[in-house]
Structure formats: C-alpha cells, structure tokens
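Since the structure comes first, as structure tokens, the remarks are kept for the end.
Reminder, nothing fancy here: chain letters follow the sequence lines and each chain counts from 1.
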Number of protein chains: 2
Amino acid sequence: MQTKATLLTIGDEILIGQIVDTNSAFIAQQLNKIGIEVEEIISVQDELNHIIEAFQRGISTSDIVIVTGGLGPTKDDKTKMALCKFLECELIREEKVIENIIHLFATRGYKKELNNLNQDQALIPEKSTFIQNKYGTAPCLWTTIENKVLINLPGVPFEMKGLMRDEIIPRLKDNFQTDIIVHRDILVSGIPESDLAILVEDWESQLPEFIHLAYLPNRTSIDLRFSATGDDEVVLRNLIQQEIEKFKLIAGKYLVSENSGKAQQVLGDLLKQKDLTISTAESCTGGNISTLITSVSGSSSYFIGSVVSYATSVKTSVLGVNQKDIDQHSVVSEQVAKQMALGACKVLKTNLAVSTTGVAGPNKGEDDNEVGTVWVSVTNGQQTINKKYFYPYLDREDFIKIVSTNALNLVIQFVNQNYQ
Amino acid sequence: MQTKATLLTIGDEILIGQIVDTNSAFIAQQLNKIGIEVEEIISVQDELNHIIEAFQRGISTSDIVIVTGGLGPTKDDKTKMALCKFLECELIREEKVIENIIHLFATRGYKKELNNLNQDQALIPEKSTFIQNKYGTAPCLWTTIENKVLINLPGVPFEMKGLMRDEIIPRLKDNFQTDIIVHRDILVSGIPESDLAILVEDWESQLPEFIHLAYLPNRTSIDLRFSATGDDEVVLRNLIQQEIEKFKLIAGKYLVSENSGKAQQVLGDLLKQKDLTISTAESCTGGNISTLITSVSGSSSYFIGSVVSYATSVKTSVLGVNQKDIDQHSVVSEQVAKQMALGACKVLKTNLAVSTTGVAGPNKGEDDNEVGTVWVSVTNGQQTINKKYFYPYLDREDFIKIVSTNALNLVIQFVNQNYQ
C-alpha cells in the first residue's frame, strides 16, 4: 500500500508569481526516495480560512501533509493561528524554543534582548509537538491526527531543507512502512513525440503494471521517464534496465543518453570517465552553461573556467577572435563561434571547449541577425562541430535555458563520437 | 469586486519533483497585471479522477481556472478525456487544427504524414472552443461554464507563454471587469525581521485597507512588499510612494533599495543611470552572477563579460592573481578576492568588477577553509571593498544563489557610496 502525501505551500509571494515554489520539488524528491508518493501540491494565500480548509483537504486525502511557510514572527504569518483553529486547541509556551533563539542570535552576532515577536515564536499549539530548528527561529511542528501526520516547516529554503534531511525524513521512515519508488530517465532525439509513441506502442503495452512510462517533450528532444514501485530498489532498477534494453532494439537509433535527467550531470560523469577537462566561451548564454556545469558537486575535477565574452571587444582581446571575420560574417556566425571555442581551449588550457554566440532578444544585437539565431561550437583543438539553431518564438529566459541545454548535449555527442 | 483565479498544473513530473512549476509563477504575474488575483495553485498527477475533481474545485471557488499540461499526443496525457467527462460531452474533430499541425511540421522541416496520434490532437470537446496554437500541435481550449471560464493550455513553457500573451490575456480583459493590483518591493537590511516589525508597528496599523504589507525575509535582508488594489494604477502607485516616504522617516537607515525585487534589475538601472560598465571574476559562484546580470534585457549596455576562474591556474594566468598570495593566504582569502576583481577590471576593461572565491561544498576545496566560507570583492580600480560571509548550513545550490545575490547587493552599495 502506497503512502500518500499532500504538500501545502503558504504565502502570498507564490500566488502573485513573485517567487517560484522550489520547496515543493525538493520535498517531493526527498519523499519519493523513501517511497512516499506526492498526490497533490497546493499553494494558498496567507489567509486564515483558506489555510484551515487546505489543512482539512490534505488530511482527508493523504497520510502525510507537509506544510511550508507562514511561521514567521510578523503579522502576515498566520499558519500557527490556523493550526490552533483546525486542531481546536490553544497555544502553550515552550522555553526550549527561546533558548534556541537566544543561541541563534548569539551566533549571528546580534546579542540582543528578545522582543515580543521573538517571544511569540515559542508559542506552540498544545496538540502539536515541536522539533527544534537549528537553522532559524521558527520551530518545526509535528502533529499526529489519528494515524496521519501534519508537519509544519518554515518556508525559508535552507531551513526547510535542513529540517527535512535531519529530522523529517528519518521520522517518516520510522512511522510509515513504504514501498520504494525508483525513477529513471532516458533521452531520445530526432523523432517527434507522436511518432515515437507509435513506434514503441507494442513494447509500451507489455510494460509490467508497476512500471509507469511518461513522455516529457522538450524543444529538440524527449525525456522518457520510467517510474517503478516495489519493495526492492535493486530489483526495480534491474527491471527498468531490462525494459530499456528492449526499447533499444526498437528505437535505439534515437537514444541519446541512457541516463538523462540533467545534461550537466550526464556530461560530468562522461568527462570524469574519459579524463577530459572543459571550458566555455559564452556570449548569448551569459555564463549559464558555466553555471549549469558548476552546479554539479565535484565539477572542479573537469571544469577549468569560462570566458563570458558579452561585448565584442572581449571576443577579440581575450579569446583571440579575428576582427575581420566579425566584420565579414557578423558576430553571430559559424566562424566566430568556432574561434571562440578554440580561443577558450587555448587560453584556459582545456581538452574541450564549448561556445555560444546568438541573439537572445527581445531586441536585435549589434548585427542584423534575427532574434532567436544562435551558433554553438564544440572543439578539442583539432576537431570542431558547429551547429546553428533558430528559436524565434522563445522569450529571453527560455532561449538561454534551451540553448544552454543544447550546448551541453552537443558536447556529450562530441565526446561520444570522438572519444570511444 | 475582485476577479479570482485558480491555476491547475497537470503532470507527474511536478509531483515527483523532477521539474519545478515555473508556469504558475508566470501566469500569476500576467493575471496580476490585469487585476486578477490568484487564490490557489494546485498541481495534480496525470490521473483522470484527480483531474476532474480539481476542475470541479477550481470552478466552484474561482471565476477563472487556468489549466496547463496533459494536452500532448501520448498515453500519459489525460486532460482532454477528463474535460469531456467533466463537461459531459463528446469530442468532435476540428479540421483547422490539422491544418495548423501540417503547417508547423513543414516549418520544422518534418514534411511527413500525420499519424493517428497527431490526428487525435484535432479532437476537441464539443462544449469547448479551441484557440489555434501557432507554437505547437496541441490547441488551447476555452470553455465557458455559466459566467465562469476554464482555460486549457499546453504545459510546454514557451507555448504556454506565447498563448497567454497573444490570446488569453486580451480575452480575459474583454470578459472580466477587474480592479488593478499594483505590487512594489523595498529592500531592508541590517535589522532582524521581528525588530523591524516592532519599529514600524504604528505605521503599519495606519496603512489603508487596500494596501497590504508582507515581509519576505532572506538570509541577510528583508523584502517588504506593498500590494495595493483599486481602479487607477497611477493613484495606487502614488499612495504606495506616500507610505514609503512615511516608512523612511521611521526606518530609513535600514532601507537599501526603494525598488527591490531583483537585485540584478536594480543594479542594471543604477549602472545605466551612472553610465558605468561592469565585469565579474567568479570562482565558487561558477558564472551565476554573470548569468543573473545577463538575464536582464538590455544588459549589454553595461555588462562587458566575465572570467570564471574555477581552477586556480585561471586565477593566476588570466586574472593575474599572485601565486605567492595564494600560497600564503590560500585561494579563499581577502587578498585573492581583491586581486581577482582588479584583474577582471583590467583584462575586461570595465569601470567596476565583482569577484567571488569560496567553498560551495559539500566537500572542502584545495585549501583548508571550511565549507561555506566565501570572500566577495568589489572594485573600481582605485577603491575596493572586500567582505567575508560564512554559510555553513547551506547546500551547494542555495550557497551559490545567496552568495550571488549578496555580491550584487554589495555592488549596489559600492556604487551608491562612491558615485553620488
């Protein structure tokens, strides 16, 4: 029997679109690892009745409700009040919370008297137990309701993450017997989603019931996700692998990566395996490829550095791009992309380099290239591949994101072709 | 009377935490601009009954329900089937959708016969009207239910964004008379959230009812957000400004920026105003500061480029950091941060440069500095400020994010101090 969770995020800032709710994705990942499935994610405003109603809904459909946000000391934070009304109980004062706040303030160098609002953070609904929060002033709350549990966490991401890892996951493991959920993604390219679905139709219908398949189409590729539920992780992983082998017999030529998910992770593993170093020379992506590569822990063993040559002067002076080629072919051209990559290889002394030059928009750049045009090059000093993409419909943010992913995938392709 | 919306996101990928739901933030921002308030955001799995139930809930509480996802051609996409069941109607075929798909495939160079799954995309619930999607194969659906409306959009971000801008927002403006909502953020630093709340308590209680105040605490600062609702944008903006003037009389010394929100936007406006150029020299932030700066449209007028010196060799060879200082003080030190910034100023020929060197973790770097230690420097070639931060509890992702924001705020502070 699958244990089910509802995630509830409280805060006006999400409802007005000021911040993206990244907490829910983190919590969902953590829960999936211990076999707890997230049924629903809800975000509501800092509004008392709305919060109470969401508590009610979550606890009626799920075994576990994890709530983030609204525990702060100021007027706009209403979660504790809502919790008292929902549980029909009063607040009681827990001195240990005060001790924690005094300790926290001391380590932050505040050394101050606690004011009334700080004092109020020690008030806990009497039907809840509190879990000390060493990352911040608002304690975590754990409330058992019959055989279910409602957990309140602060909304500040680093406090929430620390509490999830240190306190919540271990307790949930103890309290709920759960199946394991295993996810694995493979990356397919060069075929439209609908054609792929028809090509692998027979294979898809013979998948065992505990393996679920999902299509996640991107602009230039499709992520195929396998999700398997059971009680033994190794067995599940082997069964997924067997299905991937069958898939390869039918559609192997479209398979780009057997372990996709994040291109920067796939690339990192590949570079470590082949003992290669890399650098980037970025114009329109503005450092985003570098940011993606360094988001992977341990990337310092293969990533050396980048030159972000946003201005043309940096392309010529630092990367050694020939001014004549810029004049003749424009700054967004195959020639310039190639010379940027070669320049990064040389200046930063790496085995490989990848470069981008394009027009992210919304306005045209120095030359007459259309918004959405971009050239990407990958080189090892000898061999080079250059590829042009054109995304006229993308906004600036999506353009940078998609070009960066394409660039990482082009490097993966280059390494696979040239370093057997 | 406020028009209210529910946003509904459909897709297992969100519930397992594989992707972060960025669509909802975009849609919420767009709706707020035309005075429509988002009451609730819901994400559910690709599961028929769950989707139907969410439709029901949204339409019973809100005037507008905007649904994204689940319109694709493959088996895991179930939104249209759920819509038919919810509306109690059949699917009918719309030839114009087929024409659009043929046109799209031609522009993408596929030039192929449409398969059954493509043909199925032309099937529309008979109680809905379709809106042509020039960005993809799945049409947008618009269903009127009494005086309310349920809108289905594809989940692919660039398709959704294009349809929202071109089609949905204009239609919603025509169909719903709405108040205007105006948001404005100011950035406060150097005072704990609870002390600030007490300091400005009297002022806060005298705020008119249509102006709502929210505290958004970060690690080192607090965003104060004003949200005002009414029928005249100029009047609302003026009233918020009047309140900010009163706030300044009480807590002016803690005010860092009168228009915060995003530091990269504030910095961009400041650099344009002062006619200054900037570059970055990044180690532990891996290019993220550069990525943030270039995320602002028009940043090419003040941003020249970056050197991401992840490896120590790049710090010495490209930025000219003295090897002796690295040996003596370690690579994470005030001396190295300062020389990196000065190096970027010189090599990239900019008025200002900002640098970072630190240990993002989870593992220690080349030297013995603790994980979470970072030095940030800002220089104009003559004056320099160097600042140390220590975030031992942050994970890699949050560390990079917070150090990058701190660095941008340090540049803002530097410019305000040195360029009156």
Side-chain angles (χ1 to χ4, degrees), chain A residues 12-13 15-17 20-22 25-26 28-29 32 38 40-44 72-74 76 110 115 117-118 135 157-158 161-162 183 192-195 197-198 214-217 286-288 290-291 294 297 300 303-311 314 318 347-348 362 393-396 398, chain B residues 12-13 15-17 20-22 25-26 28-29 32 38 40-44 72-74 76 110 115 117-118 135 157-158 161-162 183 192-195 197-198 214-217 286-288 290-291 294 297 300 303-311 314 318 347-348 362 393-396 398:
Chain A
D12 292 348
E13 60 276 20
L15 281 296
I16 67 168
V20 168
D21 170 25
T22 53
F26 176 86
Q29 281 172 20
N32 265 236
V38 176
E40 185 164 342
I41 300 172
I42 308 171
S43 301
V44 300
T74 53
D76 52 330
Y110 288 169
N115 61 37
L117 295 181
N118 301 136
Y135 306 101
F158 88 92
K161 287 181 186 174
H183 300 292
E193 185 187 7
S194 53
D195 286 357
I198 288 173
Y215 292 74
L216 308 170
N288 192 47
S290 177
T291 301
T294 58
S297 171
S300 61
F303 180 70
I304 302 305
S306 297
V307 174
V308 180
S309 55
Y310 218 56
V314 182
V318 181
V347 174
L348 302 174
Y393 288 135
L394 298 182
D395 66 11
R396 188 178 179 85
D398 288 339
Chain B
D12 292 348
E13 60 276 21
L15 282 298
I16 67 169
V20 168
D21 171 23
T22 52
F26 176 85
Q29 282 172 19
N32 266 236
V38 176
E40 186 164 343
I41 300 172
I42 309 172
S43 300
V44 299
T74 53
D76 53 328
Y110 286 168
N115 61 37
L117 296 181
N118 300 137
Y135 305 102
F158 87 92
K161 287 181 186 174
H183 300 292
E193 185 187 5
S194 53
D195 286 356
I198 287 174
Y215 291 74
L216 308 170
N288 193 46
S290 176
T291 301
T294 57
S297 170
S300 60
F303 180 69
I304 303 303
S306 296
V307 174
V308 180
S309 55
Y310 218 57
V314 182
V318 182
V347 174
L348 302 175
Y393 288 134
L394 297 183
D395 66 10
R396 189 179 179 82
D398 287 339

**Message:** Under a 4.5 Å cutoff for heavy-atom pairs, which residue among B/E13, B/Q29, B/E40 has the most contacts with chain A?
**Reply:** B/E40
**Item:** Residue A/L15 versus chain B: region with a heavy atom under 4.5 Å
**Value:** both
**Message:** Please report the interatomic distance CD1(B/I42) to OG(A/S43), rounded to the nearest 0.5 Å.
**Reply:** 9.5 Å
**Prompt:** Which bit of B/V307 comes within less than 4.5 Å of chain A, counting heavy atoms only: side chain, backbone, both or neither?
**Reply:** both
**Complete:** Pair count under 4.5 Å, heavy atoms only, with chain A: among B/S194, B/A25, B/A28, highest is B/S194
**Message:** Taking side chain as everything from C-beta outward and backbone as N, CA, C, O, which of these in B/I16 sits under 4.5 Å from a heavy atom of chain A? Side chain, backbone, both or neither.
**Reply:** both
**Fill in**
Residues A/S290 and B/G286: closest non-hydrogen pair is OG-O, 2.7 Å
**Request:** Specify which of B/P157, B/S309, B/S306, B/G287 makes the most heavy-atom pairs with chain A at under 4.5 Å.
**Result:** B/S306
**Request:** Select, from A/N32, A/D398, A/I41, the one with the greatest count of heavy-atom pairs under 4.5 Å involving chain B.
**Result:** A/I41
**Item:** chain B contacts, top residue of A/V20, A/V314, A/V347, A/I304 (heavy-atom pairs, under 4.5 Å)
**Value:** A/I304
**Fill in**
Assert top hit (heavy-atom pairs under 4.5 Å, partner chain B, pool A/L348, A/I198, A/V44) equals A/I198
**Message:** Does any backbone or side-chain atom of A/D21 lie under 4.5 Å from a heavy atom of chain B? Answer side chain, backbone, both or neither.
**Reply:** backbone
**Message:** For B/S300, which atoms come within 4.5 Å of any heavy atom of chain A: side chain, backbone, both, or neither?
**Reply:** both
**Request:** Identify which of A/N115, A/T22, A/N288 forms the greatest number of heavy-atom pairs closer than 4.5 Å to chain B.
**Result:** A/N115
**Asked** Who wins among A/G72, A/S297, A/G305, A/G162 for the most heavy-atom pairs under 4.5 Å with chain B?
**Response** A/S297
**Asked** When rounded to the nearest 0.5 angstrom, what is the spacing between CG in A/D395 and CZ in B/F26?
**Response** 7.0 Å
**Segment of B/V318 engaging chain A (4.5 angstrom heavy-atom cut-off)** = side chain
